[in-house]
Amino acid sequence: MATAALSAHLFEDVFVVKDMDPDGKKFDRVSRFVCTNDTNTHDAMALTLDVNVLLYPLDIGDRFKMVLARTLNLDGTPDTGEFDQSGEKSLADDFDYVMHGKVYKCHEESQKQLAVYVSYGGLLMCLKGDPANLDKIEIDDRIFLCVRKTG
């Protein structure tokens, strides 16, 4: 993968689903998943993610790779905000579930923990962990979430 594309990645790690709908099922097609990272890439990271389970079913114990990126362009060029119908290969081609959203809140819970909140058209994500792992993400950023199950 090109160096520019890697620099467009804001965050990348592998997570394991630990719980599903901890506060009960609120919507027929959406579930809230509580996950922790499963690699030695970063210190302990906690992820809470809403997923349309009709499009992308997940279960407790599933492992998945997650990438947060500013653009889907493999050369790292900025996203234009328009749907790309060119048929050119993009980051999305390597993933099964992709959403685009906006960072609406960054909250420092302690010196060792930052929480980043993103809305993907009403589906929410909260990623918590060491601020050094999340320092590329800022409030009002528009970012892509890309997910692919791993073995």
Side-chain angles (χ1 to χ4, degrees), residues 1 5-74 76 78-79 81 83-84 89-151:
M1 187 176 294
L6 289 176
S7 67
H9 289 190
L10 302 170
F11 179 83
E12 181 175 345
D13 209 342
V14 175
F15 288 87
V16 176
V17 177
K18 298 294 186 179
D19 197 6
M20 183 170 114
D21 296 318
D23 299 323
K25 186 98 169 134
K26 307 272 189 222
F27 302 100
D28 291 338
R29 297 180 175 112
V30 176
S31 283
R32 179 161 287 172
F33 295 93
V34 177
C35 312
T36 57
N37 63 328
D38 189 41
T39 66
N40 295 324
T41 307
H42 299 290
D43 294 331
M45 301 294 294
L47 172 70
T48 303
L49 180 64
D50 293 347
V51 174
N52 181 328
V53 292
L54 289 181
L55 296 176
Y56 195 69
L58 282 172
D59 289 309
I60 293 173
D62 282 353
R63 296 177 74 237
F64 61 90
K65 178 179 181 177
M66 182 184 81
V67 170
L68 299 178
R70 293 191 200 285
T71 181
L72 295 177
N73 298 323
L74 292 177
D79 182 65
F83 178 63
D84 180 6
K89 188 156 176 58
S90 76
L91 180 63
D93 294 330
D94 295 330
F95 292 88
D96 302 319
Y97 188 71
V98 178
M99 296 190 291
H100 184 254
K102 183 176 180 179
V103 178
Y104 67 91
K105 182 177 176 182
C106 292
H107 175 69
E108 192 170 321
E109 297 188 343
S110 70
Q111 286 186 338
K112 295 192 176 202
Q113 186 158 39
L114 178 70
V116 174
Y117 297 85
V118 184
S119 176
Y120 296 98
L123 297 179
L124 304 178
M125 179 191 83
C126 176
L127 181 60
K128 295 181 182 182
D130 187 331
N133 297 330
L134 302 171
D135 63 348
K136 296 178 188 173
I137 303 172
E138 298 178 3
I139 197 159
D140 290 331
D141 278 351
R142 297 198 179 273
I143 61 175
F144 290 92
L145 172 134
C146 305
V147 174
R148 164 182 81 231
K149 288 183 185 175
T150 61

If you apply the rule side-chain contact (heavy atoms from CB on, under 4.5 Å), what do you find for Leu47 with Met125, and how did you get there? CA-CA 7 Å; Leu47 172 70; Met125 179 191 83; 3.5 Å; yes
Students often mix this up, so state it plainly: with edges at 30° and 60°, are the rings of Tyr97 and Tyr56 parallel, tilted or perpendicular?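 If you compare the ring of Tyr97 with that of Tyr56, the planes turn out parallel.
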Could you tell me if the side chain of [Y] sits less than 4.5 Å from the side chain of [X], heavy atoms only?
| X | Y | value |
| --- | --- | --- |
| Lys102 | Asp140 | yes |
| Phe15 | Leu127 | yes |
| Cys106 | Val116 | yes |
| Phe11 | Leu134 | yes |
| Val118 | Leu145 | no |
| Val67 | Phe144 | no |
| Leu72 | Phe95 | no |
| Lys18 | Val16 | yes |

Donor-acceptor under 3.5 Å ([X] side chain, [Y] main chain):
| X | Y | result |
| --- | --- | --- |
| Lys112 | Gly129 | no |
| Asp19 | Val34 | no |
| Asp38 | Val14 | no |

One pair to check against side-chain contact (heavy atoms from CB on, under 4.5 Å): Leu58 and Met20. What are the steps and the verdict? CA-CA 9 Å; Leu58 282 172; Met20 183 170 114; over 6 Å; no
Start with the C-alpha distance between Leu10 and Ile143, add both sets of side-chain angles, then the distance that settles side-chain contact (heavy atoms from CB on, under 4.5 Å), and finish with yes or no. CA-CA 9 Å; Leu10 302 170; Ile143 61 175; 3.2 Å; yes
Testing the basics here: between [X] and [Y], what is the closest heavy-atom pair and its distance to 0.1 Å?
| X | Y | result |
| --- | --- | --- |
| Asn73 | Pro78 | ND2-O, 3.4 Å |
| Lys128 | Ala115 | CG-CB, 3.7 Å |
| Leu91 | Cys146 | CD2-SG, 3.9 Å |
| Gly101 | Tyr120 | N-CD2, 3.2 Å |

Indicate yes or no: does [X] engage [Y] in a salt bridge with an N to O separation below 4.0 Å.
| X | Y | answer |
| --- | --- | --- |
| Arg70 | Asp141 | yes |
| Arg32 | Asp21 | no |
| Asp62 | Lys149 | yes |

Flag if over 12 foreign heavy atoms under 6.0 Å of CD, Glu109: yes
Could you tell me whether Tyr104 atom OH has more than 12 heavy atoms of other residues or ligands within 6.0 Å of it?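 Yes, because the 6.0 Å sphere around OH of Tyr104 holds more than 12 heavy atoms from other groups.
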Show, in sequence, the C-alpha distance, side-chain angles and deciding distance for Arg142 and Asp79, and conclude whether the side-chain contact (heavy atoms from CB on, under 4.5 Å) test is met. CA-CA 9 Å; Arg142 297 198 179 273; Asp79 182 65; over 6 Å; no
